[in-house]
Visitor: 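Take this structure, written in structure tokens, and hold onto it; I'll ask about it next.
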Amino acid sequence: MTAENTERPELPKAYEPKEIEAKWYAFWKEHGYFHAEPDPTKTPYSITIPPPNITGSLHMGHALNNSILDTMTRWHRMRGFCTLCLPGTDHAGIATQNVVERNLAAEGLTRHDLGREKFIERCWQWREQYGTRIYYQFEKLGCSYDWQRVRFTLDESYVDAIMEEFRSWYERGLIYRGTRVVNWDVKFQSAVSDIEVEIEERKGKLYHFRYPFADGSGFITIATTRPETLLGDSAVAANPADPRYQPYFGKMLRLPLANRDIPLVADEYAKPEFGSGAVKVTPAHDLNDFECGVRHNLPQHIVIGKDGSMTPLAGPDYAGLDRFVARKKVVADMEALGLVEKIEDYTIQTPISERSKEVIEPLLSEQWFVDMKPLAAPAIEIVQQGKIQFVPERYKDIYLRWMENIRPWCISRQLWWGHRIPVWWTEETESGADGQPATGRRHCFARTKEQAVAALGTENCWQDEDVLDTWFSSALWPHATLGWPQDSADLAYFYPTNLLSTAQEILYLWVARMIMTGLDFVKRTEAPDSDGLLEPDGRTRSILPFRDVYVHATVLDEKGERMSKSKGNGIDPIDLIEKYGADATRFSLLQQAGKNQDIKYSEQRTDLAGNFCNKLWNASRFVLMNLNETTTGDLPARDQWTVPDRWILSRLDTTIGLVNAALATYDMDDASRALYAFFWDEFCDWYVEMAKTRLRAEGEEKSVAQNLLAFVLETTLRLLHPMIPFITEEIWQALPHAGESLCLASYPTATGDWQDAAAETAMSLTIATTRAVRNMKMELNIPPGTRLTAAALPADATAQAALTSNAELIASLARLNVLNIVTTAPGTDSGKWIATPVVGAEIYLEIGDALDIGKELERIAKELTAVTKQIERSEGMLSNPNFVDRAAPERVAEERQRLTEWQAKHASLEERRRLFSA
RNA sequence: GGGCGGUUGGCUCAGUGGUAGAGCACCUCGUUCACACCGAGGGGGUCACUGGUUCGAAUCCAGUACUGCCCACCA
């Protein structure tokens with residue numbers, strides 16, 4: 001690299017993240033660095049980010065995930081990939097309708113007051129006003145997304161994709177109309193899918209009721225947690241193998257309150273060990289009961305309506321009552337009849353709607369379903385073949401288990417905000433086969449009334465009132481955002497995408513469905529095997545949507561509890577960015593983004609990450625103020641490198657290798673740890689300190705030091721940039737560099753050329769010696785400024801060479817007068833020297849009259865204890881014939897060598913103890 | 001009920017067979033030369049428990065306890 005910048009802006013004394021972050025984001029955006037166009041000369045790397053809801057603002061989960069996504073994006077961009085990270089938002093049916101309805105409620109209105117059209121207008125207004133504020137927040141976080149390609153799930157082109165998806169599945173019979181017990185959200189008056197239901201343990205009661213036989217010959221006891229459903233009972237079931245009920249199967253029972261007769265049926269669904277072994281069957285209000293009802297051909301009495309109140313079928317005493325009011329009344333009425341056997345306290349697994357937090361009412365209703373089995377099969381195969389990788393790997397099994405047990409997907413929602421179902425109905429009366437009039441309903445796929453009229457052959461038709469589940473549209477995200485169903489150049493180039501990183505709770509809701517739709521809709525005749533599955537024709541492949549699925553950790557509060565609005569323990573990442581800067585916010589999250597499932601986040605983490613940024617800032621300022629106009633930042637010729645230079649380059653090479661390897665496996669914690677340790681512990685604490693002497697010199701010694709400082713710092717900035725983009729850009733611009741932005745600089749790769757074991761050994765000895773001297777001074781309470789004389793007695797020629805070449809450095813770092821390299825121990829007889837053994841040498845410090853014999857004996861005793869422990873351990877191993885015979889020979893040799901070293905230390909300490917004791 | 005994680009110093013976490021680590025907190029010392037958002041030094045852990053495999057276990061296996069998450073139609 002040769003520096004191109006002649007003007008180098010100076011770094012302000014204080015690190016002010018706010019100013020530099022705003023400045024550089026604007027710069028990057030203005031220069032279009034984040035925009036990607038297909039480039040056949042490069043390898044593509046693409047990500048379509050999980051589209052946040054338009055109701056959303058950045059939360060900690062977003063901050064974590066987008067820090068990861070942006071780190072991966074920037075890393076690949078620097079590595080020379082044609083890199084696209086495509087952002088967008090999700091219309092989020094229920095969530096958006098929820099907030100808009102809440103706003104209406106504040107005006108005393110309901111959506112029905114407005115009517116469908118006006119209500120949808122309101123939703124659009126909301127989206128215009130707030131729907132894109134999250135983009136601004138992503139920018140604050142530093143995300144290098146392609147803002148020219150933002151997508152929204154209600155964009156015209158996106159709607160085309162959804163229509164195509166629906167048409168295809170409808171025509172193939174995968175979408176069908178079914179009557180099922182669905183999870184009914186009473187608040188939204190809509191069905192919700194199984195995965196949008198949370199189970200919450202709530203305290204409740206288990207009511208034991210008596211149902212008398214119709215002939216008056218006694219009763220059967222049943223238990224229920226939902227007494228109001230009694231009114232809809234069609235039967236009582238007991239297990240066919242249950243001897244208690246065998247004599248009575250087929251007999252009729254008199255259903256209390258409703259006063260109708262219902263049979264006792266034999267069904268294995270009743271478990272003899274629970275309660276009395278008999279269970280009431282309410283086919284319209286419970287999924288199990290529904291299935292049981294189908295088996296026994298039982299009537300389905302819908303007694304709870306869509307609004308959660310009792311229907312006329314519940315009888316005149318109950319009709320119109322809220323379900324919970326009706327519950328109390330049923331219990332009271334049963335008590336009045338003397339039919340309550342007992343009421344127990346009971347913990348009920350209560351289904352709650354994720355969005356409205358209302359208790360779900362299982363309700364029999366007609367809905368649109370998708371048959372998932374045929375779609376799941378290839379999605380299972382592709383993962384089993386390892387073409388889609390899950391990180392951490394355990395999610396693969398979780399995914400497969402769910403896919404293998406996949407159930408039909410209820411896709412219709414009784415909402416207004418969303419994609420209206422493109423099905424048109426007509427109803428006509430004709431003669432049935434037995435001469436009775438029959439009502440026939442027909443439907444067809446159509447996007448417009450004209451199409452519907454043509455298909456149905458009648459003007460008398462209307463569009464289905466329902467909208468599609470939000471996830472029906474997000475399921476298409478990777479290919480629909482890239483242009484599908486058109487054969488776009490983007491789709492051809494950027495698809496399949498490389499990475500899908502997301503939270504674990506939407507693995508089924510979203511990830512699994514994207515895999516299914518991707519494979520089902522994107523087909524290519526010329527694609528490598530790794531991109532998909534071969535179709536039966538032997539030429540076409542169905543293409544996977546992404547290669548890696550990374551499931552990131554959940555960000556919890558510092559007590560380990562989920563952050564939630566209701567608990568008020570949430571942290572707004574924007575506040576953190578304001579306070580500590582985006583870089584510190586990102587770095588603190590990435591440091592914790594390891595293999596652990598949870599992150600217990602506390603603000604202190606970001607504060608500490610800010611300290612790292614500050615350290616980076618100050619060390620860089622030091623380097624910059626010591627450069628001059630002639631500093632190019634080029635790596636000096638190898639014969640000019642000193643031992644510390646060789647050492648820092650060797651360490652840098654190792655760090656480069658570690659960081660690249662960690663990023664490749666999404667180990668953000670390892671990458672950040674490696675860089676943190678390299679920069680702070682090695683570069684700042686030792687290399688920069690050692691460079692200070694050289695910077696005071698003149699000529700070549702100085703210029704080599706200057707260029708190396710600039711070179712190592714510049715390389716470190718490139719390594720750090722994907723994680724902390726702003727501060728690194730600011731410093732990089734001030735350093736000698738080539739190119740207009742660090743965004744586009746090349747990412748360092750480890751070559752091994754700088755690896756230097758000899759320099760590392762020499763530096764270990766240098767560092768150990770320095771520490772030994774400092775330690776001795778400290779332990780004897782010698783003021784740090786006191787300049788003493790020290791001596792080092794090397795154990796061998798290598799140590800001798802290393803100490804000789806670094807003697808001045810050590811003297812300077814440990815604040816000594818001089819460090820003499822000696823061949824015999826200095827005058828121990830004088831009693832004015834103290835010593836510490838290190839690996840490779842014995843270090844002596846002349847302290848003259850400052851010597852406190854008592855203290856020194858204490859110090860020696862402490863060291864002896866430690867050394868003795870090691871010797872015992874080592875001797876124990878070596879005297880074990882099993883170890884000597886069975887362990888690897890090099891391991892045994894290593895242990896012998898170690899023992900020798902410990903013994904030498906021990907002897908030296910003993911000798912000194914003898915002297916001082918005398 | 002089934003499945004999957006976690007349990008390492010006061011706190012938050014690294015560490016998958018060979019001398020127990022980091023950051024923070026704590027104690028001592030230090031504001032002349034980038035940084036007190038700092039520097040130097042130090043103390044602190046029988047790696048949850050029990051058993052097994054192994055020459056050798058924080059690490060592998062089995063079980064136990066506690067804890068978290070996901071899935072599931074027990075009234």
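Chain letters run A, B, ... following the sequence lines, proteins first, then strands; residues in each count from 1.
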Visitor: In terms of the angle between their ring planes, are A:Tyr399 and A:Phe390 parallel, tilted or perpendicular, with boundaries placed at 30° and 60°?
Guide: tilted

Visitor: Once you apply the 3.5 Å cut-off to both distances, tell me the Watson-Crick or G-U wobble partner of B:C49, or none.
Guide: B:G63

Visitor: Send over the distance from A:Gln504 CD to B:C71 C1', rounded to a whole Å.
Guide: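 Checked: the CD to C1' distance equals 13 Å.
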
Visitor: Can you figure out which of B:C38, B:C35, B:G18 approaches the side chain of A:Asn611 most closely?
Guide: B:C38

Visitor: So what does A:Ala270 hit on the nucleic acid, given a heavy-atom distance under 4.0 Å: a base, only sugar-phosphate, or nothing?
Guide: base

Visitor: Please check if the number of heavy atoms outside A:Glu344 that lie under 6.0 Å from its CD is greater than 12.
Guide: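 Counting other residues, nucleotides and ligands, CD of A:Glu344 exceeds 12 neighbours.
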
Visitor: Compute both the distance and the angle, then confirm whether A:Arg651 meets the cation-pi test with A:Trp686: under 6.0 Å from the six-membered ring centre, within 45 degrees of the axis.
Guide: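 No, A:Arg651 and A:Trp686 do not form such a contact.
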
Visitor: According to the Watson-Crick and G-U wobble definitions, with both distances under 3.5 Å, which nucleotide is paired to B:A36?
Guide: none

Visitor: Check whether any side-chain nitrogen or oxygen of A:Lys615 sits under 4.0 Å from OP1 or OP2 of B:C37, and answer yes or no.
Guide: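 False: A:Lys615 side-chain N/O out of range (4.0 Å or more) of B:C37 OP1/OP2.
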
Visitor: Between B:C35, B:C13, B:G18, spot the one nearest the side chain of A:Met877, thanks.
Guide: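 Per side-chain heavy atoms of A:Met877, the pick is B:G18.
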
Visitor: Hunt down the Watson-Crick or G-U wobble partner of B:G23, both distances under 3.5 Å, from any strand shown, or write none.
Guide: B:C11

Visitor: Is the A:Tyr15 ring parallel, tilted or perpendicular to the A:Trp617 ring (thresholds 30°, 60°)?
Guide: tilted

Visitor: Rounded to whole Å, please give me the gap between CD in A:Glu361 and C1' in B:C73.
Guide: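 To the nearest whole Å, that distance equals 15 Å.
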
Visitor: Both conditions, 6.0 Å and 45 degrees, for the charged tip of A:Lys342 above the ring of A:Tyr207: are they met here?
Guide: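 No, a cation-pi geometry is absent between A:Lys342 and A:Tyr207.
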
Visitor: Which comes earlier along RNA chain B counting from the 5' end, the contact point of A:Leu206 or that of A:Asp681, where each point is its nearest nucleotide?
Guide: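 On the 5' side of the pair lies A:Asp681.
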
Visitor: When the P atoms of B:C27 and B:C71 are compared, how many Å lie between them, rounded to an integer?
Guide: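 After rounding to an integer number of Å, I get 47 Å for this pair.
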
Visitor: For a quick check under 3.5 Å, do A:Asp289 and A:Tyr269 share a side-chain donor-acceptor pair by atom type?
Guide: yes

Visitor: When the P atoms of B:G21 and B:C26 are compared, how many Å lie between them, rounded to an integer?
Guide: 23 Å

Visitor: Calculate the interatomic distance between A:Leu509 atom CG and B:C70 atom C1'; express it in whole Å.
Guide: 14 Å

Visitor: Is there a side-chain contact between A:Arg898 and the phosphate of B:G18, meaning an N or O under 4.0 Å from OP1 or OP2?
Guide: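 Indeed not, no polar side-chain atom of A:Arg898 lies that close.
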
Visitor: Side chain of A:Asp670 only, please: which of B:C73, B:C35, B:A14 is the nearest?
Guide: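 Minimum distance to the A:Asp670 side chain belongs to B:A14.
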
Visitor: What is the distance, rounded to the nearest whole Å, between atom CG of A:Leu608 and atom P of B:C13?
Guide: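 Result: 14 Å.
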
Visitor: Select from A:Arg394 and A:Val688 the residue whose nearest nucleotide in RNA chain B is closer to the 5' end of that strand.
Guide: A:Arg394

Visitor: To the nearest Å, how far apart are A:Leu287 CG and B:A75 C1'?
Guide: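 Going from A:Leu287 (CG) to B:A75 (C1'), I get 13 Å.
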
Visitor: So does A:Asn781 get a side-chain nitrogen or oxygen closer than 4.0 Å to the phosphate oxygens (OP1/OP2) of B:U28?
Guide: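 Checking B:U28 against A:Asn781, no side-chain N or O comes under 4.0 Å of OP1 or OP2.
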
Visitor: Mind checking A:Tyr346 for me? I need base, sugar-phosphate or nothing, with any heavy atom below 4.0 Å counting as a touch.
Guide: sugar-phosphate

Visitor: Using a cut-off of 4.0 Å on non-hydrogen atoms, how would the nucleic acid contact of A:Arg771 be classed: base, sugar-phosphate, or nothing?
Guide: sugar-phosphate

Visitor: A:Lys692 near the nucleic acid: base, sugar-phosphate alone, or nothing, with a heavy-atom cut-off under 4.0 Å?
Guide: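 Contact class for A:Lys692: base.
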
Visitor: Between A:Thr606 and A:Ser588, is the side-chain hydrogen bond (donor to acceptor under 3.5 Å, both in side chains) condition met? List the steps.
Guide: CA-CA 5 Å; A:Thr606 304; A:Ser588 65; 2.9 Å; yes

Visitor: In terms of side-chain heavy atoms of A:Asp598, which of B:G18, B:C37, B:G68 is nearest?
Guide: B:G68

Visitor: Nearest to the side chain of A:Arg621, which nucleotide is it out of B:A75, B:U12, B:C35?
Guide: B:C35

Visitor: Counting only side-chain heavy atoms from C-beta out, which of B:C24, B:C38, B:U19 sits nearest to A:Trp902?
Guide: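 The listed nucleotide nearest to A:Trp902's side chain is B:U19.
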
Visitor: Check every strand shown and say whether A:Gln349 touches a base, only sugar-phosphate, or nothing at a heavy-atom separation below 4.0 Å.
Guide: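 A:Gln349: base contact, heavy atoms under 4.0 Å.
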
Visitor: Rounded to whole angstroms, how far apart are CG on A:Asn618 and C1' on B:C37?
Guide: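 After rounding, the gap between these two atoms is 8 Å.
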
Visitor: Can you identify which nucleotide, out of B:A34, B:C70, B:G42, has its nearest atom closest to the A:Phe622 side chain?
Guide: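 The answer is B:A34, which lies nearest to the side chain.
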
Visitor: Does a donor on one side chain sit under 3.5 Å from an acceptor on the other, for A:Gln592 and A:Tyr601?
Guide: no

Visitor: Give a yes/no answer on whether the side chain of A:Trp686 brings an N or O atom under 4.0 Å of OP1 or OP2 in B:G39.
Guide: no

Visitor: Would A:Gln300 and A:Ser234 count as having a side-chain donor-acceptor pair, cut-off 3.5 Å?
Guide: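 Checked: A:Gln300/A:Ser234 side chains show no N/O donor-acceptor pair below 3.5 Å.
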
Visitor: Donor-acceptor pair under 3.5 Å: do we get one between A:Lys271's side chain and the base of B:C74?
Guide: no

Visitor: Using atom C1' of each nucleotide, how far apart are B:C4 and B:U46 to the nearest Å?
Guide: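 The same atom, C1', in both gives a distance of 30 Å.
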
Visitor: Indicate, with a heavy-atom threshold strictly under 4.0 Å, whether A:Arg815 touches base, sugar-phosphate, or nothing.
Guide: base

Visitor: CG of A:Leu780 versus C1' of B:A40: gap in Å, rounded?
Guide: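 Rounded to the whole Å, the gap is 15 Å.
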
Visitor: Sticking with atom C1', work out how far B:U31 lies from B:G68, rounded to a whole angstrom.
Guide: 47 Å

Visitor: Suppose you measure atom P in B:G6 against the same atom in B:U19; what distance do you get, rounded to whole Å?
Guide: 23 Å

Visitor: With a 3.5 Å cut-off and just heavy-atom distances, do the side chain of A:Glu689 and the base of B:A40 make a donor-acceptor pair?
Guide: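 Result: no qualifying N/O pair found.
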
Visitor: Any side-chain N or O of A:Tyr15 under 4.0 Å from OP1/OP2 of B:A34?
Guide: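 No.
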
Visitor: Under 3.5 Å, is there any donor-acceptor pair linking the side chain of A:Arg774 to the base of B:U28?
Guide: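 By the distance-only test, no, there is no pair.
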
Visitor: In whole angstrom, what separates A:Glu393's CD from B:U16's P?
Guide: 16 Å

Visitor: Which listed nucleotide (B:C74, B:C38, B:U12) is nearest to the side chain of A:Lys600?
Guide: B:U12

Visitor: So what does A:Tyr395 touch, heavy atoms closer than 4.0 Å: a base, only the sugar-phosphate, or nothing?
Guide: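 A:Tyr395: no heavy atom of the nucleic acid under 4.0 Å.
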
Visitor: Where the side chain of A:Ala223 is defined as all heavy atoms beyond and including C-beta, which of B:C69, B:A14, B:A75 is the nearest nucleotide?
Guide: B:A75

Visitor: Using the C1' atom in both, what is the distance from B:G45 to B:U12, to the nearest Å?
Guide: 15 Å

Visitor: Taking the side chain of A:Met778 as heavy atoms from C-beta outward, which of B:C71, B:C33, B:C29 is closest to it?
Guide: B:C29

Visitor: Counting only Watson-Crick or G-U wobble pairs whose two distances fall under 3.5 Å, which nucleotide matches B:U54?
Guide: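 Checking every strand shown, B:U54 finds no partner, since no pair has both distances under 3.5 Å.
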
Visitor: How far does the C1' atom of B:G10 sit from the matching atom of B:A25, given to the nearest Å?
Guide: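 Nearest-Å result for B:G10 against B:A25 at atom C1': 7 Å.
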
Visitor: Do A:Tyr666 and A:Tyr550 make the cut of ring centroids closer than 6.0 angstrom?
Guide: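 Yes, the ring centres sit under 6.0 Å apart.
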
Visitor: Partner of B:G1 by Watson-Crick or G-U wobble geometry, both contacts under 3.5 Å, or none?
Guide: B:C71

Visitor: Say we look at B:C38 and B:C24: how far apart would their C1' atoms be, to the nearest angstrom?
Guide: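 Per the computed distance, 15 Å lies between those C1' atoms.
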
Visitor: Could you identify the nucleotide paired to B:G17, looking across every strand shown and requiring Watson-Crick or G-U wobble geometry with both distances under 3.5 Å?
Guide: none

